[in-house]
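Presented below is the structure to which this report refers.
From a predicted model like this one, the values you see are computed outputs, not experimental measurements.
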Amino acid sequence: MSLAASDPSFFADATHIPPAIEFVKKTISTKAYTTLSQSLLWLRGREPILLVVVLLVVGGIWMFAQIAGEVIEGETKAFDEWAVRAMRQPDNPAQPIGPPFLQEMGRDATALGGIGALSLFTIVIAGYLWLDRKRHMTVFLIASTLGGLIISLSLKHLFDRPRPDMVPHLSIVHTSSFPSGHSMLSAVVYLTLGSLLASVLPRQTLRIYTLAVACMLTLIVGVSRVYLGVHYPTDVLAGWIAGLTWALSCWLLARRFQRSGQIETERDELDR
């Protein structure tokens with residue numbers, strides 16, 4: 001039997017520990033303490049909302065990667081195909097469920113996530129900001145929207161998932177399926193514009209209402225893509241997550257630029 005096993009006081013007496021092991025022990029403890037202290041100092045200087053947004057961004061990236069992995073492995077195939085077929089008449093896959101006018105409403109809804117409508121909304125808000133002499137914010141808004149478009153097209157090219165082929169498409173499509181560009185870009189544009197508008201509204205209820213409308217528009221666009229048979233549900237879900245993650249990342253970046261004076265704030269407007 002070893003000395004350590006026969007004498008419990010062996011570990012309590014540091015003189016029995018070789019100098020090299022003691023050095024490593026102290027070094028690890030010091031580094032761990034230093035890292036913990038630095039982390040606590042960083043957290044102490046941040047607002048709670050900022051920490052929540054950072055966690056949401058990290059969580060969004062993780063969720064997108066999880067969904068992408070499931071799609072690549074084919075584990076969502078059965079559910080995706082069932083959901084697309086559930087949107088059509090059982091005896092006629094070319095006809096969507098619901099009354100005839102619902103199909104036209106679906107096309108109107110999906111148009112809200114198209115390049116034309118999103119470009120129009122972005123130009124209108126950018127023009128307002130430019131006339132309001134928020135030139136740097138205008139440039140940032142346009143850059144964040146274009147960045148979202150580039151990321152969407154890049155992800156589509158990377159995954160190159162075929163469109164649903166079990167039902168006829170009720171909308172013209174030109175790119176691959178994953179993630180849904182309409183869902184992602186509507187999340188980027190509507191949530192970004194909604195947050196910008198909410199930041200200048202005086203009442204909390206108005207801010208909540210504005211953000212709720214932005215979320216509702218994003219939701220309607222995504223559902224319409226599945227209804228028209230041009231996307232699987234996982235395409236839409238991944239698009240929502242990617243768009244939200246990008247919008248939150250842009251919000252964090254804009255907040256940093258505002259703190260450093262590189263982007264205008266509402267306080268700048270009051271000071272003029």
Problem - Heavy-atom donor-acceptor pair, S224 side chain to V221 backbone, under 3.5 Å - result: yes
Problem - Test item: H182 side-chain N/O and G239 main-chain N/O as donor-acceptor pair under 3.5 Å - result: no
Practice task
Anything under 30° is parallel, anything over 60° is perpendicular, the rest tilted; go ahead and classify F64 against F178.
Solution key: tilted
Report the distance from atom [atom1] of [X] to atom [atom2] of [Y], rounding to the nearest 0.5 Å.
X: L155; Y: S176; atom1: CG; atom2: OG; result: 9.5 Å
X: L253; Y: W246; atom1: CG; atom2: CH2; result: 8.0 Å
X: L185; Y: T218; atom1: CG; atom2: OG1; result: 10.5 Å
X: L141; Y: L146; atom1: CG; atom2: CG; result: 9.5 Å
X: I125; Y: M137; atom1: CD1; atom2: CE; result: 12.0 Å
X: I67; Y: L237; atom1: CD1; atom2: CG; result: 3.5 Å

Problem - ILVMFWY cluster, Y232 and W82 together (side-chain gap under 4.5 Å) - result: no
Problem - Single-linkage hydrophobic cluster W240~Y227, side-chain heavy atoms < 4.5 angstrom - result: yes
Handout entry: Ion pair D235/R161, N-O distance below 4.0 Å
Key = yes
Problem - Option from T122, L149, L112 for which side chain to side chain contact (heavy atoms under 4.5 Å, CB included) with V189 holds - result: T122
